[in-house]
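Just below is one structure, and these are the notes that go with it.
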Amino acid sequence: MPVSDQELTSLAATHDIISVGMLADDVRRRHHGLTTTFVRVADVPADIGAPVSIPAAAGEVRIVGTPTTRMAAVERVREVAAVAAGASSAALSAYSLSDLEQLAASEAVTLRALLEELRAAGLELVAEAPVDRLRDARRSVEEVNIAGLVLARLTVDQAPSADPLPFLKSVAELQRAVGVLRVFAPLPRRINPAVPTTGYDDVKRVALARIVVDAVPSIQVDWARYGPKLAQVALTMGADDVDGVSADDDASGEGRRRSPLEEIRRNIRAAGLEPVERNGRFDVVTR
Amino acid sequence: MIERLADKVRAGERVSAAEALDLYRHAPTALLGRLADGIRARKHPDGLVTYIIDRNVNYTNVCVARCSFCAFYRAVGSSEGYVLGFDELFRKIDETIAVGGGQLLLQGGHNPDLPLTWYEDLFRAIKRRYPSFRLHALSPPEVIHLSRLSQLPVPAIIDRLVAAGLDSIPGGGAEILVDRVRKLLHCDGKATADEWLGVMRHAHRAGLRTTATMMYGTVETDEERLDHLLRLRALQDETGGFTAFIAWSYQPEHTELAGREATGVEYLRTLATARIVLDNFDNLQASWVTQGGKVGQLSLAYGANDMGSVMIEENVVRAAGASYCMDEVEIVRNIEDAGFVPKRRSMHYEILGDPIFREREVPRMLELATARQDGDTSVPEELLNYPARSRTGKQLRIIPS
Ligand code: SF4
């Protein structure tokens, strides 16, 4: 049942985090039942020539960083795609759509032309689109689609304002216009270290995102960025997909006693949910 | 079935062991939170959430108990073993007072080279220098250790410590109050479940208030976790001496027991269940030190009414891999953000006032201090005045460094 504007306003203002979480959980169960997907990611740097190692367990190989030139962006995709093709069946993702917008503008090419070049070099997914940094969100997301690429996730660079509703409504509006968003990660990527977001802020933002942005199938939280404890609680309040799970199973060097795969499954089960591994193409991975 | 139990809790009725187990195992997390929050609101209708400014000091890490879940202790004779000197402790108290604190939470290992007189002299020296400063010190296993070391009964130890300046006893060392679990954790030797409860009973009878704790997530079953809560509830019925309950999750890094830490959702479920079972406890603390600030703050929706201490210093949990920090500004921000009114309190939960940083300038604290700087192996001079039990201790007394 859709929630009225008035109800949304009172949900956004309330401190009753459990009530908001329960409503969001209802929406989440309607979409996914208990299923909670996660993707194991291998990050590789954007610098040309930097070593590329891709663990066999990776479901998504992600080139992270800002490319300096169009040539460098394309060349790095080509390099990583060549290694990935021989080593893994993971999907190759790269870059932020806002960085690509800027790169296209600075090199006086169209965004579509740049995206098509990246695709020809072996790219499958644009890794993220920080909706608050995009110059023309609707058009740029559509260009990704037209260029034959997929957007891995719509993200948020910085928490927009104290009242998250207008922003979330604009994301819902964007999906109504483009219809291709698969995943929305509503927690800000950039955090003010002097005033970090609180647990209430984070879970409420996740819950409201689930309620307001009903037409985007998945609400995602990042395991590594926000920490397992907060991310796990968020799964009980509207989130259904986990990003940033390490693909490196041999983590003993970091003193970890359990593999990331065991840990993520244990955490999802302890939240009363059912873990399902997916790859960057959103296909279920069976091991 | 769960709905019937939920109604019972809502009506303010006491739950049995079997009912508590049913709720803990089968109630949805949101329902547990709702029930626990309802009890918190009944007990604290004013919407206050309290915290204390005190310093968590570990006077020695030398310990003969060797609990398998502990990453903090060092064996007698270890080059990493330390005992803090009186002057070091005075300095820590000065720093605590500077940020508005009025108490030390003083706990340490079972060091055979620190006799009862060392504690008495320390407490007296502190009270002489800082008459109104409070000493929340020596958990039940430490009291038992002193009883064994000095061959005096527990009530006599408590009386002597109180005479020297002890104000209250922290509830550490409870782990899980079930002897099967304590044996497996190699901590039945430091105190059995009955012995731990016995010290608290004596302390309450002597007029001291104490806290109660639970370290969950090692080898205990769900039933044993609830058994722990029920034993605390029974003693609280008898004495009414517990001011608060604090649950924290076992921290496995660098411990002999190893394993994994219970998850954040398990923490919130355990906390909420504790609020439901411990119907005779007024106060439940959030353990941000083990859960981090975010889940620490979310605890306020799952039954907690207190954010614990700003700590200033922490050694035990850090040794086992967790290192979170929340100073007063951060604690207050989190309380207000959750819709509550922050108030400073004493160990006895008397309201002391509004946040101190709003009254005067207080330095920000972005990292918790440690007992000592790395590599500081100094041995306090006054130790020479006290007889040692261990061979290393005796040698040190003869050849001071
Ligand atoms: S938990 Fe306490 S008693 Fe046990 S080994 Fe550590 S310091 Fe010693």
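Letters A, B, ... are given to chains in the order of the sequence lines, protein chains preceding strands, and every chain is numbered from 1.
Residue contact with chain A, scored on non-hydrogen atoms closer than 4.5 Å, involves the side chain of B:Glu330 exclusively. Using a 4.5 Å cut-off between heavy atoms, B:Tyr302 contacts chain A through its side chain alone, with no backbone atom that close. Heavy-atom distances place both the backbone and the side chain of B:Leu300 under 4.5 Å from chain A.
At a heavy-atom cut-off of under 4.5 Å, chain B is reached by A:Val195, A:Pro196, A:Thr197, A:Thr198, A:Gly199, A:Tyr200, A:Asp201, A:Asp202, A:Val203 from residues 193-215 of chain A, listed in order of number. Residue-level contacts of residues 9-28 of chain A with chain B, in order of numbering, are A:His15, A:Asp16, A:Ile17, A:Ile18, A:Ser19, A:Met22; threshold 4.5 Å between heavy atoms. Listed by sequence position, B:Ala30, B:Gly33, B:Arg34 are the residues of residues 28-40 of chain B in contact with chain A, using a 4.5 angstrom heavy-atom cutoff.
Counted within 6.0 Å of CZ on B:Arg66, heavy atoms from surrounding residues, nucleotides or ligands total 12 or fewer; the atom is thus considered open. Counting heavy atoms of neighbouring residues, nucleotides and ligands inside a 6.0 Å radius, atom NE2 of A:His31 exceeds 12 of them.
Between atom CZ of residue A:Arg266 and atom CD of residue B:Glu266 there is a gap of 6.5 Å, rounded to the nearest 0.5 Å.
B:Arg275 is linked by a salt bridge (Lys or Arg N to Asp or Glu O under 4.0 Å) to nothing, counting only residues two or more places apart in sequence or in another chain.
Here the closest non-hydrogen pair linking B:Val295 and A:Leu230 is CG2-N, 4.2 Å.
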Side chain to side chain contact (heavy atoms under 4.5 Å, CB included) evaluation trace for A:Lys229 with B:Lys294 = CA-CA 9 Å; A:Lys229 289 198 166 96; B:Lys294 292 190 176 189; over 6 Å; no
